[in-house]
Amino acid sequence: MQTALPLQQISIGYTNAEYTMANAFPVIAVGARTGKYYVFPKAEAFADEALVVSAGLSASRGTRSISEDTFTLDKLAHEEEVYDDIVDEALRNNSNPALEYLQATEAVTDRVLLKRERIITTMITDTSWTGSAVLAAGSEWNSAGGGDPVAVLNTAHMEVYDTIYRPANTWITDWKTSFILQFHPLIRDLVKYTQAGPVPMAQIAGFYGINRVFVSMAGYNTSGKNLTASLASVLGDYFWLGYVSPVAARRVPSAAYLFELNGAQGRKVETYREEKEYRDVVRCTSYFAAKATSVDAGYLISNTQA
């Protein structure tokens, strides 16, 4: 088995526009598969500790009460075969056999990135955020009644601010929910005198001072390979908003952080030979974890679609 550096560079450079969640939260590169991260309680973040100091007296000294938790990076891996017969056929047809390895690299990388996308969305939807709302039947944003997304979003933004005294700066939702919002009559009513047609998500977010909007477009087969396909959205009918740190630093409060192994081990592509089967195998491996580090900084709206 050997690390294939050219294929690894192809893997690192590979992107899929459907996978957006990895850009929603800051990434911290770590040197080991296990370690500690800080959890940020409100009492620590908003402690009024500074004193008015008289001449000759010492300044107040803060004592960190930030709690810690541990992370363990998941090992994500997928591999695909490149058969000698296919390589030989490419050579006979004056094609570049390296393309077979390139396509295999992109395929295994895509599967690893999809798994990473699902880990992040599971963290978003499973974590008990301090703020949350479940839309009742008949109040979903595409129901006959249509619900009231403006009122729900207003409440969510106010609650985040009242909880951490920082306004939310990030929206995360799935493609269907974003599509519904663009055509919702109460959203369109906000611009009825200035424009016609659907209201772009960026414009809707702008009403709330949000410039970081992430729309999950990815889907996956819930029934597994070689079974009748049953496709589902990776994120589902959720809308998350919250405060996310613009920088990656363990001591800076943020709703969540992503952790991945740094250096060449972060995303590794290897090849090995299976001589008996007349084939090479290309494998992509990545070590990754997603952790909510401040549940006070997030608000989850669920059941957005009827």
Side-chain angles (χ1 to χ4, degrees), residues 1-23 27-35 70-123 216-235 258-291:
M1 185 181 302
Q2 60 182 357
T3 300
L5 292 179
L7 297 183
Q8 183 157 321
Q9 293 304 313
I10 292 170
S11 175
I12 292 173
Y14 175 81
T15 59
N16 185 326
E18 295 179 350
Y19 305 147
T20 58
M21 296 298 99
N23 297 319
V27 178
I28 293 180
V30 295
R33 288 190 60 186
T34 61
T70 59
F71 67 83
T72 299
L73 301 184
D74 292 318
K75 183 178 181 179
L76 316 178
H78 189 66
E79 58 187 31
E80 189 166 299
E81 305 96 345
V82 177
Y83 287 91
D84 291 355
D85 289 344
I86 295 177
V87 173
D88 291 342
E89 183 179 357
L91 289 170
R92 287 193 297 270
N93 289 303
N94 296 318
S95 299
N96 186 353
L99 292 176
E100 302 299 329
Y101 294 88
L102 185 152
Q103 292 170 1
T105 300
E106 291 184 344
V108 296
T109 301
D110 187 83
R111 294 298 183 270
V112 168
L113 293 182
L114 175 59
K115 179 61 69 175
R116 185 172 68 169
E117 192 86 349
R118 292 196 61 203
I119 289 173
I120 299 170
T121 55
T122 297
M123 181 268 295
S216 174
M217 297 183 290
Y220 73 104
N221 182 9
T222 62
S223 60
K225 198 171 182 179
N226 300 323
L227 298 174
T228 301
S230 178
L231 301 183
S233 166
V234 167
L235 181 59
L258 310 180
F259 299 86
E260 64 181 6
L261 208 58
N262 62 10
Q265 300 299 314
R267 189 188 303 172
K268 180 169 59 176
V269 176
E270 300 166 301
T271 60
Y272 63 92
R273 180 72 180 167
E274 292 181 337
E275 195 65 55
K276 187 176 179 180
E277 289 80 12
Y278 302 99
R279 65 191 180 194
D280 292 328
V281 179
V282 178
R283 179 168 66 201
C284 179
T285 306
S286 178
Y287 296 90
F288 181 80
K291 294 292 182 180

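These values consider heavy atoms only, across backbone and side chains, with no hydrogens, waters or symmetry-generated copies. Please read all numbers here as calculations on a predicted model, not as lab measurements.
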[X] versus [Y]: any side-chain heavy-atom pair under 4.5 Å?
| X | Y | answer |
| --- | --- | --- |
| Val234 | Leu114 | yes |
| Asp110 | Tyr14 | yes |
| Lys291 | Met123 | no |
| Arg116 | Glu260 | yes |
| Val282 | Val269 | yes |
| Arg267 | Leu113 | yes |
| Leu102 | Ile10 | yes |
| Thr285 | Lys75 | yes |

Quick check against the 3.5 Å criterion: does [X] have a side-chain atom that pairs as donor or acceptor with the backbone of [Y]?
| X | Y | value |
| --- | --- | --- |
| Thr222 | Ser230 | yes |
| Arg33 | Leu73 | yes |
| Asn96 | Ala98 | yes |
| Ser11 | Leu7 | no |
| Asn221 | Leu231 | no |
| Glu117 | Met21 | yes |
| Asp74 | Leu76 | no |

Indicate the atoms forming the closest heavy-atom contact of [X] with [Y], along with that distance.
| X | Y | answer |
| --- | --- | --- |
| Val108 | Cys284 | CG2-CB, 3.6 Å |
| Leu91 | Pro97 | CD2-CG, 3.7 Å |
| Val82 | Ala104 | CG2-CB, 3.8 Å |
| Tyr220 | Ser233 | CE2-O, 3.9 Å |
| Ala290 | Ile119 | CB-CG2, 4.2 Å |

Within a reach of under 6.0 Å around CZ of Arg111, are more than 12 heavy atoms found that belong to other residues, nucleotides or ligands? no

How about CD on Glu277, more than 12 heavy atoms from neighbouring residues, nucleotides or ligands closer than 6.0 Å, or not? yes

Out of curiosity, [X] [atom1] to [Y] [atom2], how far, rounded to the nearest 0.5 Å?
| X | Y | atom1 | atom2 | result |
| --- | --- | --- | --- | --- |
| Ile120 | Asn23 | CD1 | CG | 8.5 Å |
| Tyr101 | Glu106 | OH | CD | 15.5 Å |
| Glu274 | Tyr83 | CD | OH | 8.0 Å |
| Glu80 | Arg283 | CD | CZ | 14.0 Å |
| Ile12 | Thr109 | CD1 | OG1 | 9.0 Å |

Side-chain H-bond candidate by donor/acceptor type, Asp85 with Tyr278, under 3.5 Å: no

